[in-house]
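Right, one structure below, let's go through it.
In the text below, chain A, chain B and the rest are named by the order of the sequence lines, each starting its count at 1. Remember, predicted model here, so these are calculated numbers, not experimental data.
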Amino acid sequence: MLDLQFICENAELVSENNRNRGVDVDVARVVELRGQRGELQQHGDALRGEQKTVSKQTGQAKSQAEREPLIARGKELRELVATAEEQLAAVQCELDDLVSQIPNMSHPDAPVGKIDKENIEVRRVGEIPVFNFKPLDHVELAEKHDLIDFEGGARVAGSGFYFLKNEAVFLEMALIQFAMNKLRGEGFTIMSTPDLARQDVLHGTGYNPRGEETQIYSIAGTDLSLIATAEIPLGGLLKDQIVELEKLPLKYAGVSHCFRTEAGAAGKASRGIYRVHQFSKVEIFGFTAPNLEASNAFHAEIVRIEEEIFQALRIPYRVVDTCTGDLGGPAYRKYDLEAWMPGRGDAGEFGEVTSASNCTDYQARRLGVRTRIPDKKGTQFVHTLNGTAVAISRALVAIFENYQRADGTIGIPEVLQKWVGAEQIG
RNA sequence: GGAGAGGUGGCAGAGUGGCCGAAUGCACUGGUCUUGAAAACCAGCGUCCCGCAAGGGACCGGGAGUUCGAAUCUCCCCCUCUCCGCCA
């Protein structure tokens, strides 16, 4: 959520940003509603002020005769206040609805574009493997080595679910171990998070469980939903808290299951475990001081760590600067890592494996995470950032496909071998 | 899941219908005193909304209700603690 005052004072700028992001919100209407809200609020405040005075006088009145006209006026005021509050609530409701649709502002250097094709490749790292045989994709490899049971997953929970089997299980745990150790070494507090979250936490982090095209599974009869990422519980961790400035930045790494309905993704359905309803992920989340120097620095740190993880796994990747139309609501700037996946497309393609977003104060404003700055009155919203350390399903695709060998075996990345307890599969 | 006790400012904790945005203590900030510190004393010290400001308003877990008036009474919900049951 953007600051309402900022929106109204920079209506043209906000509208332009909306256009760049492919979002259509009537900003002029927001300005109009804000004016109405101010008037209604002052009107209501005045009525409540009188109500307060009258009720106080009623309490101090000495006789019944003195009291009666005051009580009568009080009854009138109760009606008037109720009406005023209804009007205010209606305006506030429309205002909230519009404001919540306005995306964050964008970094001035973020590429302007509508779709992911317009993202800009920043750099490539690692050697794309050349095979002297026809490489298999991860589904074929998994079948050959009995690593994933898709039929069993479908029987239990439907299409899009799967069982990991054998070395794939150890690989999952090894990737989590590896990422968590790395992050702890970088000074992060490591967490294992709830896999469910309340409605207000979902909303605060920018996820909408009720929308038509929601990615979120909801638990019937409760206000809980399955989380789509540990970003949700980690963001909610400090909901409505005031954090001391000296404690920032707060750096967390959380492992969780992630659940996604993938509604609307039917057309882009892909083979195997690239796009699934459930996977495990180690997520990075940070709260920084409320200034761009602090959050941009932490953003760079997240990207550095993500790259170091994929470098350590020896998987070739490229870094992509996400264009405005592909940023989503909360991000101010976003970098994705795309790993080389030899089994994808006709002759291999890059596929997204991580993303790193600076959400500035957009999430914090909704979540109510604030800090105090000396010499500034009141509180300021902190900046929040999130990034993927490792999404297991996507990482497995990249590992299987890049590490396959002519003899049919699959190598295991050296840094994971001590946890997997083997050097290769097969 | 059952029974009970609770949820008040940064923390502790009083407050059972108007004099309460809220006693008191601790913490914190400034000052006096002191060579300095401590102690003592004095003063200040919540968040949010509207407003250029002066100022006004909201907030005692959340929501609805009763009342001229609710931290205080009623109902629903959430959370915490204790005990019992169940259970990884």
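- Two rings, from A:H299 and A:Y335, have their centers less than 6.0 Å apart.
- Looking at A:T360 and A:N104, their side chains do bring a donor and an acceptor atom within 3.5 Å of each other.
- A:N181 contributes a side-chain N or O that, together with a main-chain N or O of A:Q177, makes up a donor-acceptor pair within less than 3.5 Å.
- Remark: B:rG51 base-pairs with no nucleotide in the shown strands. Criterion, Watson-Crick or G-U wobble with two distances under 3.5 Å.
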Side-chain donor-acceptor pairs under 3.5 Å in residues 248-260 of chain A, sequence neighbours left out?
{"residue": "A:K251", "atom": "NZ", "partner": "A:E186", "partner atom": "O", "Å": "3.1"}
{"residue": "A:K251", "atom": "NZ", "partner": "A:E301", "partner atom": "OE2", "Å": "2.9"}
{"residue": "A:H257", "atom": "ND1", "partner": "A:D195", "partner atom": "OD2", "Å": "2.9"}
{"residue": "A:R260", "atom": "NE", "partner": "A:A228", "partner atom": "O", "Å": "3.0"}
{"residue": "A:R260", "atom": "NH2", "partner": "A:A228", "partner atom": "O", "Å": "2.9"}

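- Comparing B:rU72 with B:rC20, their C1' atoms sit 11 Å apart, to the nearest whole Å.
- Comparing the same atom, P, in B:rC28 and in B:rC11 gives a spacing of 15 Å after rounding to whole Å.
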- Base, backbone or nothing for each nucleotide of nucleotides 44-56 of chain B, written B, S, -, heavy atoms under 4.0 angstrom, 5' to 3'? --SSSBSS----B

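- For the C1' atoms, the distance linking B:rG9 with B:rC59 amounts to 11 Å, nearest Å.
- Pairing partner, B:rG1: B:rC84, with both Watson-Crick or wobble hydrogen-bond distances short of 3.5 Å.
- The same atom, P, is picked in B:rG61 and in B:rU16; the two are 15 Å apart, to the nearest Å.
- Comment: A:E401 does not engage A:R344 in a salt bridge, judged by the lack of any side-chain N to carboxylate O separation of less than 4.0 angstrom.
- Shown here are the salt bridge (charged side-chain N to carboxylate O under 4.0 Å, His left out) partners of A:R48, two or more places apart in sequence or in another chain: A:D45, A:E85.
- B:rA14 is unpaired under the Watson-Crick or G-U wobble criterion, no partner having all donor-acceptor distances under 3.5 Å.
- At least one donor-acceptor pair closer than 3.5 Å links the side chain of A:E140 to the backbone N or O of A:D137.
- Separating the C1' atom of B:rC78 from that of B:rU29 is a span of 36 Å, rounded to the nearest Å.
- In this structure B:rA64 sits in a base pair with B:rU74, meeting the Watson-Crick or G-U test at under 3.5 Å.
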- Message: Base contacts versus sugar-phosphate-only contacts with protein, heavy atoms under 4.0 Å: please encode nucleotides 65-78 of chain B as B, S and - from 5' to 3'.
- Response: --BBS--------S

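- In this entry the distance linking CD of A:Q92 with P of B:rA58 reads 16 Å, nearest Å.
- For A:K52 and B:rC20, the NZ to P distance is 12 Å, given to the nearest whole Å.
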N/O donor-acceptor pairs under 3.5 Å from side chains in residues 148-156 of chain A, not counting sequence neighbours:
{"residue": "A:D149", "atom": "OD1", "partner": "A:E151", "partner atom": "N", "Å": "3.1"}
{"residue": "A:D149", "atom": "OD1", "partner": "A:G152", "partner atom": "N", "Å": "2.6"}

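- When Watson-Crick and G-U wobble pairs are counted only if both distances are under 3.5 Å, B:rA40 pairs with B:rU32.
- Taking atom CD of A:E246 as the reference point, atom P of B:rG10 lies 16 Å away to the nearest angstrom.
- Listed by chain and number, the residues in a salt bridge (charged side-chain N to carboxylate O under 4.0 Å, His left out) with A:R29 are A:E32, A:E94 (sequence neighbours excluded).
- A donor-acceptor contact shorter than 3.5 Å links the side chain of A:R21 to the backbone of A:M105.
- To the nearest angstrom, C1' of B:rG62 lies 12 Å from CG of A:D223.
- B:rG6 and B:rC60 are spaced 14 Å apart, taking the C1' atom of each and rounding to whole Å.
- Between the CG atom of A:D200 and the C1' atom of B:rG61 there is a distance of 13 Å, rounded to whole Å.
- When the P atom is compared between B:rG62 and B:rC79, the two are found 15 Å apart, to the nearest whole Å.
- Across the P atoms, B:rA22 and B:rA37 are found 34 Å apart, a figure rounded to whole Å.
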